[in-house]
Structures are given as structure tokens and as C-alpha cells.
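Let me begin by presenting the structure, written as C-alpha cells, before commenting on it.
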Amino acid sequence: MDGNGRWAQRQGVKRIFGHQNAIEAVRDATEGAAELGVKHLTLYAFSTENWDRPKYEVDGLMTLLVNTIKDELHTLQKNKIKLLAIGDISGLPVNAQKKLKEASDLTNENDGMELILALNYSGKWDIVNAVNKLIEQGKSIVESTDIDHNLSTANIPDPDLLIRTSGEMRISNFLLWQLAYTELHFTDVLWPDFRKKDLYEAIVSYQRRERRFGKTSDQVKA
Ligand code: IPE
Ligand code: MG
């Protein structure tokens, strides 16, 4: 979810207002995905590298996280959305950890879409963490599925589609392993402006792709 800072700059306001206005995009995109029957939506909300931002911005983002979970809980319940988090959650402020745990416990029985927040997350962290878990398990040789089962996404399928906003064309340490065959969609829309129509545009683009997974087109069509 990129472009909050530039959105704020264009409005001539402080960066934190960009983050605050991003909540409406989160709400609209989440609702849009749930309505379409998307089973899993992962939002890359805070990366391991984002700690290097100015302290007031980091603090502002953490406060926003806690308040948003509090404010949106009823919407999650209403739409039967289950909230999950991936990343090194133990590295978040204690109140954020508590709110996340509370919200995921309360929504645990919901059978609608899974909304996964990637927080203090990086793809490299995820892979290293999986390898360390395998070492602890006494493994001396590993298979691809061993990595799959020890990533933070062990119970979540690999993404079909990645949407990156704000015109940037990079992965920025997101789900590195899991994105192996993901379709990528780039849009110039800044995240605070992102709405259902932008989600639909991304999905329509996705629907036009032919996913071959290394095979030939003829094989896929057969
Ligand atoms: C993404 O928007 C929000 C987070 C990383 C939390 P940015 O803050 O990166 O926005 P730009 O890139 O400065 O426009
Ligand atoms: Mg950015």
C-alpha cells in the first residue's frame, strides 16, 4: 500500500494525514474483495525496513494501527472477516500486539474472507525464520514444501495477484518466496485514492492473463 506520503504532499499536508486517509482505501478495498468472494487479502502495512522512518511517523503509524483495529472490529464481524497477522509481531509495541490478538481471537470463528495484515514483515525475515525453525526441528536437508510449511503463511495459499500502487515497480521485500508465480499489477493510483474500481481494474487485468506455471500455452489450454 504505497503512496500515502506523496498523497499528503500533493494536498500540502503532513505525511501522517496521508496514512490517516489510507484507512478509507483499506476499508473500500477490503469490502470490495470480500464482496467479490476473494478468500485471502494480504495488506503490506508495515515492513521491517519501515522502522527506519522518523520516530514520529512510526509512532503515528502504530497509533493508527491500534485505533483502526478498534474502530473496524464491528465491520469485520458484520462481514464475517477473519483477521490474521504475519510478520515479527513480537517486535510491535505491546498495545498493538494486544489489540491484534484480541481482534484475531474475536474474529477467529468467522468463515468469510481472511484479512491478513503484514506487520513488521519482510520476505527475507520470513525465509530466515522458516530456515531457523527447520534447524530447530533437526533438519539437515530441506525440501521446498518444508519451507512452505514453516513460513508465516503456512496456512495461507500463495497469492494469485499482487497489486502495487503509486507507480513503483518493485517487490520491496514482500512475500518473496510466495510470489514465485504471482501475477503482478502496477497502478499509478496513490494508496489513499485506491477504491473498489481500482481493485476491479486489477482483477480484470488478472483475468486476461494466461497462467502457465512454466508450461506451454497449448498445455494450459488442453
Ligand atoms: C505507504 O505509503 C505506507 C506505509 C509504508 C506504512 P508511504 O508512506 O510509503 O508513501 P510515499 O511512498 O512516501 O508516497
Ligand atoms: Mg512509499
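Counting starts at 1 for both ligands and their atoms, following the listed order.
By the 4.0 Å N-to-carboxylate-O rule, E109 lies too far from K82 to be salt-bridged with it. Residues E136 and K133 are not paired through a salt bridge, judged by the lack of any N-O separation under 4.0 Å between the basic side chain and the carboxylate. Using a cut-off of 4.0 Å between Lys/Arg side-chain N and Asp/Glu carboxylate O, K39 and E114 are scored as not salt-bridged.
With a 4.5 Å cut-off on side-chain heavy atoms, M113 and K80 do not count as touching. Annotation: side chain of L43 is not in contact with side chain of I116 (no heavy-atom distance under 4.5 Å). Between Q97 and P93 the shortest side-chain heavy-atom distance does not fall below 4.5 Å.
Note that CG of L119 and OG of S47 are 10.5 Å apart. Values are rounded to the nearest 0.5 Å. For the atom pair CG of N110 and CG of L115, the computed distance is 11.5 Å after rounding to the nearest 0.5 Å. Atoms CD1 and CH2, from I163 and W191 in turn, are 7.5 Å apart once rounded to the nearest 0.5 Å.
In terms of N/O distances under 3.5 Å, ligand 1 is approached by G5. Between N50 and ligand 1, not a single N/O pair is under 3.5 Å apart. At under 3.5 Å, a nitrogen or oxygen of R53, whether backbone or side chain, sits near a nitrogen or oxygen of ligand 1.
Not a single heavy atom of E168 lies less than 4.0 angstrom from ligand 1. Ligand 1 has A45 within reach: a non-hydrogen atom of the residue lies less than 4.0 Å from it.
Counting atoms of ligand 1 from 1 in the listed order, those under 4.0 Å from a heavy atom of M1 are 1 (C), 2 (O), 3 (C).
Of all protein atoms, those of element N, O or S that lie under 2.8 Å from the Mg ion (ligand 2) number 1.
Side-chain N/O atoms of N120 and W125 include no donor and acceptor closer than 3.5 Å.
Contact annotation for S166 and ligand 1: no heavy atom of the residue comes within less than 4.0 Å of the ligand. When heavy-atom distances to ligand 1 are checked against a 4.0 Å cut-off, H19 comes that close only through its side chain, counted from C-beta outward.
With respect to atom 2 (O) of ligand 1, the closest heavy atom belonging to the protein is N4 N, 3.2 Å.
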